Amino acid sequence: RAQAVAELETLLPRPEPSSKRRLLPGSSPLPRAIGSRWLLSPIVQSALTTLRLVNLEVLPAAPSLRGLPVLGAQALQLVESLRDLCRATLRASAASHSDLQAPEMARIRRVVLEHLVQAEDLGGGGDVSLTRGSAPRALQLAEEFEDVEGIVALAAAGDPDRLEEL
């Protein structure tokens, strides 16, 4: 490993032993290998942010979905696509940091989850029966990537019974 790190300067250092702990039983598993700095380079982060913002820009608002099932299905596909992009971004960040509570991981996670919450609020995930503030996909990712503050805020806004389960 020392030789590989010396020859491949973009590899990140070995994770600290304290980063191996997980707070929640269903959280993201430890990465098998630590990624390289390019996963978190400004260019890659900018590209991922742009993709998330494009998803938000083209997502139709929930009131425009009433009575238009095809548009509602498309909105649901957009929200699901954004959720997949958010999960991929968080997985890349976790592979680079391995500690889900690291400050840089927390910063990336907060921005990514904010975009997903906006999408779920805007399009209702294609389900106009969802109440504003209900963001089940964002809550799922908050749990998977151990965002305790996000879990509390999202569960309190959309699913208070979920707090009791935790």
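Residue numbers run from 1 in the order of the sequence given. Everything numeric in this text was worked out from a predicted model, so none of it was measured.
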Subject >> Least distance between heavy atoms, Leu100 atom then Glu144 atom >> reply: CD1-O, 4.3 Å
Original post:
How many angstroms lie between CD1 in Ile151 and CD in Glu143, if you round to the nearest 0.5 Å?
Top reply: 5.0 Å
**OP:** Apply side chain to side chain contact (heavy atoms under 4.5 Å, CB included) to Ser41 and Val44, showing your working.
**Re:** CA-CA 5 Å; Ser41 69; Val44 172; 3.3 Å; yes
Original post:
Heavy-atom distance under 4.5 Å between the side chains of Arg87 and Gln140, does that happen here?
Top reply: yes
**OP:** Report yes or no: does Ser81 contribute a side-chain atom to a donor-acceptor pair with the main-chain N or O of Gln77 at less than 3.5 Å?
**Re:** no
Residues 52-59, side-chain donor-acceptor partners within the protein, below 3.5 Å, at least two apart:
residue: Arg52; atom: NE; partner: His115; partner atom: ND1; Å: 2.8
residue: Arg52; atom: NH2; partner: Thr49; partner atom: OG1; Å: 3.1
residue: Asn55; atom: ND2; partner: Leu51; partner atom: O; Å: 2.9

Subject >> Closest approach of Glu120 to Ala138 (non-hydrogen atoms, all atoms of both residues) >> reply: OE1-N, 2.9 Å
**OP:** Mind listing the closest non-hydrogen atom pair of Ile108 and Ser93 along with its distance?
**Re:** CD1-OG, 3.6 Å
Original post:
Is Leu116 reachable from Val111 through a run of hydrophobic residues whose side-chain heavy atoms are each under 4.5 Å from the next?
Top reply: no
Original post:
So how far is it from Leu48 CG to Ile43 CD1, rounded to the nearest 0.5 Å?
Top reply: 12.0 Å
Subject >> Gap separating the CG atom of Leu154 from the CD atom of Glu149, nearest 0.5 angstrom >> reply: 11.5 Å
Original post:
Any Lys/Arg nitrogen of Glu80 or Arg137 sitting under 4.0 Å from an Asp/Glu carboxylate oxygen of the other?
Top reply: yes
**OP:** Would you check if Leu139 and Pro136 make a side-chain contact, meaning some heavy-atom pair closer than 4.5 Å?
**Re:** no
Original post:
When you measure from the side chain of Gln101 to the backbone N and O of Glu146, does any donor-acceptor pair fall under 3.5 Å?
Top reply: yes
Original post:
CG/Leu90 to CG/Leu113 distance, rounded to the nearest 0.5 angstrom?
Top reply: 6.0 Å
Subject >> Atom pair OG1 (Thr89) and CZ (Phe145), whose distance is rounded to the nearest 0.5 Å >> reply: 9.5 Å
Original post:
Near Glu104 CD, under 6.0 Å, is it more than 12 heavy atoms from other residues, nucleotides or ligands?
Top reply: yes
Subject >> For the student: nearest non-hydrogen atoms of Ala142 and Gly150, plus distance >> reply: CB-C, 4.3 Å
Original post:
If you measure from CG on Leu141 to CZ on Arg83, what distance do you get to the nearest 0.5 Å?
Top reply: 7.5 Å
